[in-house]
Amino acid sequence: MSLFNDIAGYWLDGAVRTLDSIGRGFGSQVALDPPPVTPYKVIYEGGKVSLRHYRAPNRIHVTPIVLVYALIKRPFVLDLQPGKSVIEILLKRGFDVYLIDWQPPTRADAWRGFDAYVNQDLDNAVRAVQIAEDIDQVNIIGYCFGALLSLLYTALHPEKVKNLVTLTTPYDMGSRDLAIYNLMDRIDDRGFELITKIYGNCPAWMVNSMFTAMAPMHHALDKYVGLYRNAERDGYAEMFELFERWMQSDVPLAGRIFRELTSEIFKANKLAKGEFEVGGRRVDLSQIKMPVLNVVAEYDDVVHPNSSLSLLDKIGGTDKRNLTFPTGHIGAVVSGGALKKMWPEIAGWLADRDNPPM
Amino acid sequence: MGEKNNPMLDEITKLVGVLSVELPTAAAKSLLGNGDREALRQTGWKAYDAWISLANETANGLYSNRVFGEVVGRSIGAALRVQRVVDAAASAVFGNLWPAIGLPTESAVTALRDEVKALRSEVRALGEELRNGDAEDELAAADDYAAARSAEAQNAAAAMIWNGYRPEQPRVRGSRKGGKKSVAL
């Protein structure tokens with residue numbers, strides 16, 4: 001029967017991809033990215049940062065955007081296909097874009113914690129943009145873990161940020177709104193420490209397993225059935241292939257930042273309580289006085305909306321807004337609706353605050 | 001007091017409804033010729049979707065279950081502890097004990113293979129040199145030499161794996177016509 005044959009074929013392809021990813025995860029290899037859709041130039045490399053510059057064809061705005069991506073997967077999801085690219089949208093709206101492409105940590109990088117990523121790498125990247133553009137301030141857009149890094153950076157270096165956009169930010173981890181959070185609660189701090197004692201970093205396959213555990217039936221069967229059901233839809237199969245490639249592009253998480261994330265941010269919820277410290281300095285969100293747009297994905301199954309909605313209460317400025325959009329965590333950067341409506345709205349919000357325009 | 005929502009019960013009700021009413025009705029209509037096959041197909045997918053939703057809800061229920069969480073949490077902890085001990089044991093055996101009892105490491109065997117490969121290519125080059133100079137007798141001698149050295153090296157590799165035998169450093173052959181010397185094993 002065609003239905004079973006087709007789904008079995010898709011499933012086998014997926015199983016091979018998963019095994020391949022697990023195999024890579026045990027070593028230090030990271031899968032190759034697909035060819036870039038939008039051309040860019042690397043303008044700075046240092047620490048664990050490779051800073052890409054995407055030049056707008058018709059630049060309108062003075063202040064460029066620094067896109068801070070998450071540490072746990074490769075950033076090509078932001079530039080997946082022509083017409084389905086966050087970067088393309090921002091460029092078309094007249095912004096130059098700088099993307100922080102985090103380099104995967106090796107075992108020797110296990111010492112890297114929030115201090116190294118925020119106060120060294122991210123700060124160096126912003127400095128590189130300041131020099132390249134001859135400006136004092138940048139716009140920052142952070143996505144997921146990247147939003148958390150952006151938030152910490154902005155609180156610690158507010159003078160360098162003109163406007164901040166946080167997208168699906170894991171800020172308040174006090175509530176256990178997602179079932180997987182309850183499961184992670186049962187792993188004690190010693191368990192997380194053991195992971196870094198054994199592997200140095202949190203291995204990529206473990207990061208992948210966590211995402212798989214969030215929707216086991218989807219990853220085991222439903223996505224292949226979905227491919228079968230949508231195979232006739234124009235471009236669906238190509239998108240599926242690219243998206244799967246991204247799903248398997250997990251990157252290890254440096255040992256120290258993994259421990260800080262799990263024990264201090266996730267378990268003890270220190271950031272929301274105002275007790276979180278980076279490099280010996282307490283992160284005081286009231287220092288964020290510039291305009292802030294906090295984007296929340298209504299159906300987010302990775303960072304529950306309740307974990308980001310309360311963020312603005314602690315922000316110091318008055319020009320702040322929550323933008324709730326009916327999409328999921330990944331949908332926020334790949335879904336047609338988000339790309340057609342949400343991202344132009346984000347670009348518009350930034351454009352309104354680009355003073356003076358070019 | 002508001003009624004508490006039970007997502008699992010909702011999903012079960014949905015699935016039972018599709019399986020017991022909608023699907024048989026659509027199948028019967030299709031068999032009697034009153035309905036099209038597409039309607040039956042759509043109802044089939046509806047049943048599938050209901051089943052997947054129920055499965056997802058079951059997984060969420062499991063994750064939220066205290067006992068299941070305890071079991072998983074402890075299993076992960078135990079597995080990590082076991083792995084740490086295994087890693088430590090493997091490191092002790094393969095990092096220290098293995099070379100101490102004279103067994104070669106993977107890198108030693110690889111290095112030996114590379115040396116054999118280099119030797120072969122040198123001998124091949126030498127053979128070419130001899131052939132070009134019409135020195136038939138020297139060619140035969142070189143081939144014999146290459147075969148002997150290759151066999152010796154291969155035996156050495158086997159012996160190294162078996163009991164840690166390490167071949168002696170070879171004597172450097174005297175320079176031939178071109179003054180070329182053999183690589184050191």
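First the proteins, then the strands, lettered A, B, ... as listed; each starts at 1. Note that this is a predicted model, so its numbers are computed, not measured.
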Does Y48(B) use its side chain to pair, donor to acceptor, with the backbone of V225(A) at less than 3.5 Å? no
Look up atom [atom1] in [X] and atom [atom2] in [Y], then write down how far apart they are to the nearest 0.5 Å.
| X | Y | atom1 | atom2 | value |
| --- | --- | --- | --- | --- |
| I52(B) | M217(A) | CD1 | CE | 3.5 Å |
| R74(B) | I187(A) | CZ | CD1 | 13.5 Å |
| Q83(B) | Y199(A) | CD | OH | 3.0 Å |
| D49(B) | D222(A) | CG | CG | 7.0 Å |
| L221(A) | W51(B) | CG | CH2 | 5.5 Å |
| R84(B) | I195(A) | CZ | CD1 | 12.5 Å |

Side chain, backbone, both or neither: which part of N65(B) has a heavy atom under 4.5 Å from chain A? neither
What part of I76(B) gets within 4.5 angstrom of chain A, counting heavy atoms only: side chain, backbone, both, or neither? side chain
Largest heavy-atom contact set with chain B, pairs under 4.5 Å, which of L178(A), D188(A), L183(A): L183(A)
State whether the number of non-hydrogen atoms from other residues, nucleotides or ligands found under 6.0 Å of [X] atom [atom1] is greater than 12.
| X | atom1 | answer |
| --- | --- | --- |
| R112(A) | CZ | yes |
| D234(A) | CG | no |
| E232(A) | CD | no |
| K223(A) | NZ | yes |

Is there side-chain contact between R186(A) and V72(B), with heavy atoms separated by less than 4.5 Å? no
Are side-chain heavy atoms of P216(A) and Y63(B) found at a separation under 4.5 Å? yes
Taking it one step at a time, do D87(B) and K197(A) satisfy salt bridge (charged side-chain N to carboxylate O under 4.0 Å, His left out)? CA-CA 11 Å; D87(B) 281 0; K197(A) 272 185 183 160; over 6 Å; no
Contact leader toward chain A among N60(B), T58(B), V71(B), L80(B), where contacts are heavy-atom pairs under 4.5 Å: L80(B)
Please report the closest heavy-atom contact between H218(A) and N56(B), naming both atoms and the distance. N-OD1, 4.3 Å
